[in-house]
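Quick notes on the structure that follows.
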Amino acid sequence: MVDLTDLRTDQTDGSGQLPRAAGRPARSGRVSAPLRVGNASGFYGDRSTAWREMLDGGELDVLTGDYLAELTMLILGRDRLRDPGLGYARTFLRQLEGCLGTALERGVRIVTNAGGSNPAGLAAAIGSLADRLGLTAAIGYVEGDALARPDALTANAYLGAFGIAACLDAGADVVVTGRVTDASLAVGPAIARFGWQRDDLDALAGATVAGHLIECGAQVTGGNFSFFTELPDGGHRPGFPIAEIHPDGSSVVTKHPGTGGAVTVETVTAQLLYEVGGPDYLGPDVVSRLDTIELTADGPDRVRVSGVRGTPPPGTLKVGVNRLGGFRNSMTFALCGLDIPAKAALVRGQIEAAVGTPGLEFVLARTDHPDAGDTEAASALLHVHLRDGDKARAGRAFSAAAVELALASYPGCTLTTLPGDATPYGVFTADAVPQDAVEHVAVLPSGERVPIAPPPVTCLQGSPVQQNALTGGPSLHPHPHRTRRGALGELVGARSGDKGGDANLGVWARTDAIWVWLRGWLTVERLAELLPETAPLTVERYELPNLRAVNFVIRGLLGQGVAASTRFDPQAKALGELLRSRVVDLPTALPPDLAPDLAATGRATA
């Protein structure tokens with residue numbers, strides 16, 4: 001979910017909060033026991049055995065699977081263009097074949113967005129699978145997210161959770177969706193279990209945070225964790241997560257006993273900072289206030305998430321649009337030894353003379369080391385990319401031009417890539433439509449189509465307030481410290497990711513003392529010094545003191561999105577680790593041994 005521009009304001013007091021919603025306990029007239037929601041997939045291509053591991057590992061009420069990302073919708077849209085019967089995540093069917101009977105036997109309900117561009121098609125395929133296996137399964141699905149856009153391969157509104165809840169209320173064993181928000185896969189079952197209504201904003205917000213925490217699978221249980229060496233198994237095979245959601249929307253994040261990784265306050269903090277913007281986490285059903293979250297250790301591999309406040313959602317839905325942008329190709333030259341810049345300039349001139357300059361991009365990666373003892377260590381890499389609307393120019397004409405330089409260019413000319421044809425690439429953009437302009441429909445197991453009304457109360461969302469420590473006031477300026485040189489990552493963790501052409505970079509402090517320093521030290525200007533590629537871009541900075549964290553949103557870092565990006569790290573997944581690796585002046589009063597081993601202890605927020 002990203003910031004949206006609302007188109008209307010209804011029945012609010014100007015602050016965005018319902019007059020009686022703040023602090024009001026959620027209705028819980030159905031069941032008081034917590035709902036155990038597991039996740040078995042964080043992306044299209046995640047661990048194939050995770051569904052079986054989660055079903056066999058312990059008790060669950062619901063098992064979810066998240067398969068969709070911006071790039072995935074492009075892939076599935078191209079699948080459906082070739083075959084109208086496709087457009088869904090086919091790997092899910094293979095995973096379900098060995099698990100559907102177990103889930104039905106144990107009463108574990110399955111909710112997944114693997115429907116992609118064709119939820120009805122996947123629902124029908126699951127029905128056929130059940131028939132072939134001799135099983136009886138009630139299958140519902142949610143549709144209405146697909147929108148018609150000129151020249152778009154896919155255009156999908158991010159729907160909320162109430163359509164999922166309607167299918168579960170009607171007895172569905174399996175619910176398939178297209179593009180809903182990732183967190184909705186967990187929020188929908190909670191709505192169905194506890195009977196929440198549209199104005200149970202705090203409960204909806206709490207469940208949304210729980211859904212966000214488990215939506216990326218093992219990323220909350222130690223996967224991709226800055227301090228992976230502190231994990232009990234060294235991060236070898238983290239288990240998949242579970243959220244125990246309570247009637248008030250609070251939750252406990254955990255995992256099955258005996259699985260790898262760990263659930264600590266820090267692993268949870270890392271995932272909270274993933275692909276978010278300001279403190280207002282916008283969704284179709286509620287705006288969740290990330291600055292109200294309280295995290296507390298609740299025993300081994302258990303972290304309690306409470307205190308989350310919600311406000312009415314925007315009157316608009318985010319729409320993700322994928323268009324075919326043209327064709328692309330890449331070749332890489334290895335430049336060894338001396339005169340690296342001159343060698344790169346020679347290749348550039350030769351390639352430009354052969355195919356022309358439009359659409360060409362040259363990236364010189366200085367991976368070479370002086371006085372190296374082997375060829376690889378002595379070599380830099382020159383990546384040459386070409387994007388063009390003409391497949392022939394971007395295809396063999398380009399790659400052949402590169403190969404033809406093998407005996408006619410710089411000394412030691414070597415290519416690391418084979419010549420190949422061009423491949424199509426997509427361009428992702430996002431916009432918004434009014435919620436009441438989208439026909440959100442739950443198709444029940446009986447076949448009945450139930451329209452899902454938009455929220456009756458919405459709120460105009462203003463621009464989030466940024467906080468730059470340079471102008472934040474005296475309280476943000478700690479007294480000067482004696483310093484030592486060291487990697488920033490000795491004191492802080494980080495997690496980064498992509499949203500279309502933008503990147504987010506969340507940084508958290510390991511102790512309260514480190515937070516006092518970090519809050520005043522890590523400014524937008526400092527970030528530009530440490531990560532020079534951010535200097536010419538618009539960078540937004542947000543503080544989350546309750547998480548001892550600063551989050552940066554870097555606009556335009558990824559260009560036209562991951563499918564079109566030629567950046568070495570096209571999804572900015574390593575941006576946080578790059579920042580942590582920078583050597584800076586660290587306060588001597590904050591040695592690395594003060595950082596707690598939170599894999600064992602956890603902490604409470606300030």
For the backbone of L201 and the side chain of D199, can you confirm whether one donor and one acceptor N or O come within less than 3.5 Å of each other?
no
Is it true that a side-chain atom of D145 and a backbone atom of R179 form a donor plus acceptor pair closer than 3.5 Å?
yes
Working note: L531 + L579, criterion side-chain contact (heavy atoms from CB on, under 4.5 Å); need CA distance, chi angles, decisive distance, verdict.
CA-CA 7 Å; L531 303 178; L579 178 65; 4.3 Å; yes
Using a 4.5 Å cut-off on heavy atoms from C-beta on, say whether the side chain of P312 contacts that of T458.
no
Test salt bridge (charged side-chain N to carboxylate O under 4.0 Å, His left out) applied to R289 - qualifying residues, sequence neighbours left out:
D280, D291
Counting only heavy atoms not in F43, do more than 12 fall under 6.0 Å of its CZ?
yes
Check the angle between the aromatic planes of F225 and W508 and answer parallel, tilted or perpendicular using the 30° and 60° thresholds.
parallel
4.5 Å side-chain heavy-atom contact, P189 and L168:
yes
In Å and rounded to the nearest 0.5 Å, what is the OG to CD1 distance from S184 to I191?
7.5 Å
Using modelled atom types only, decide if a donor and an acceptor are shared between the side chain of T292 and the backbone of R309 within a distance under 3.5 Å.
yes
Take V180 and Y158, measure what side-chain contact (heavy atoms from CB on, under 4.5 Å) needs, and give me the verdict at the end.
CA-CA 5 Å; V180 298; Y158 285 62; over 6 Å; no
Donor-acceptor pair, distance only, cut-off 3.5 Å: does the side chain of T269 make one with the backbone of V265?
yes
Just so I know, are the side chains of H440 and L317 near enough to count as touching, which here means a heavy-atom distance under 4.5 Å?
no
Y281 side chain near V209 side chain, heavy-atom distance below 4.5 Å:
no
With a 4.5 Å cut-off on side-chain heavy atoms, are L527 and V539 touching?
yes
Run the salt-bridge test on E275 and R495 with the 4.0 Å N-O cut-off and return the result as yes or no.
no
Report the C-alpha distance between S226 and E577 in whole Å, list the side-chain angles of each, state the deciding distance to 0.1 Å, and finish with yes or no for side chain to side chain donor-acceptor pair (under 3.5 Å).
CA-CA 7 Å; S226 292; E577 287 303 293; 3.1 Å; yes
Electrostatic pair K318-D431, nearest N-O below 4.0 angstrom:
no
Mind checking whether D182 and H212 have side chains closer than 4.5 Å, heavy atoms only?
no
For D200 and F194, run side-chain contact (heavy atoms from CB on, under 4.5 Å): C-alpha distance rounded to whole Å, both residues' side-chain angles, the deciding distance at 0.1 Å, then the answer.
CA-CA 11 Å; D200 286 312; F194 302 122; over 6 Å; no
Spell out, as yes or no, whether a donor-acceptor pair under 3.5 Å connects the side chain of D502 to the backbone of G556.
yes
Polar side-chain atom of D248 near backbone of S250 as donor-acceptor pair, under 3.5 Å
yes
Give a yes or no on whether a salt bridge exists between R548 and D512, defined as a side-chain N under 4.0 angstrom from a carboxylate O.
yes
Mind listing the closest non-hydrogen atom pair of G283 and P313 along with its distance?
O-CB, 3.4 Å
How far does CG of L522 sit from CZ of R541, to the nearest 0.5 angstrom?
6.5 Å
Passing option when E244 is tested against K255, R304, R36 for salt bridge (charged side-chain N to carboxylate O under 4.0 Å, His left out):
R36
Between D285 and R198 (salt bridge meaning N to carboxylate O under 4.0 Å), is one present in this structure?
yes
Between the main-chain N or O of V492 and the side-chain N or O of R580, is there a donor-acceptor pair closer than 3.5 Å?
yes
Of all heavy-atom pairs linking L590 and A513, the shortest is CD2-CB, 3.7 Å
T221, V220, L213, D298 screened by side chain to side chain contact (heavy atoms under 4.5 Å, CB included) with V263, the one that passes
T221
Look only at the side chain of S496 and the backbone of A572, and say whether a donor-acceptor pair between them is shorter than 3.5 Å.
yes
Side-chain contact, heavy-atom cut-off 4.5 Å: I214 with L185?
no
For N504 and L273, indicate whether the former's side chain and the latter's backbone hold a donor-acceptor pair under 3.5 Å.
yes
Could you tell me the separation between the CG atom of L575 and the CZ atom of F552, rounded to the nearest 0.5 Å?
10.5 Å
Has the side chain of T588 got a donor or acceptor atom that lies under 3.5 Å from a matching backbone atom of R482?
yes
Mind listing the closest non-hydrogen atom pair of A432 and T316 along with its distance?
CB-CB, 3.9 Å
Contact summary for A205 and G310, nearest pair of heavy atoms:
CB-CA, 3.6 Å
Do V303 and V252 have side chains that approach each other closer than 4.5 Å (heavy atoms only, starting at C-beta)?
no
Check the pair E529 / R582 against salt bridge (charged side-chain N to carboxylate O under 4.0 Å, His left out), numbers first and verdict last.
CA-CA 10 Å; E529 294 174 5; R582 296 308 310 268; over 6 Å; no
Report the distance from atom SG of C216 to atom CG of D66, rounding to the nearest 0.5 Å.
6.5 Å
What distance separates L290 CG from N551 CG, expressed to the nearest 0.5 Å?
9.0 Å
Straight-line distance of L488 CG to L518 CG, nearest 0.5 Å:
7.0 Å
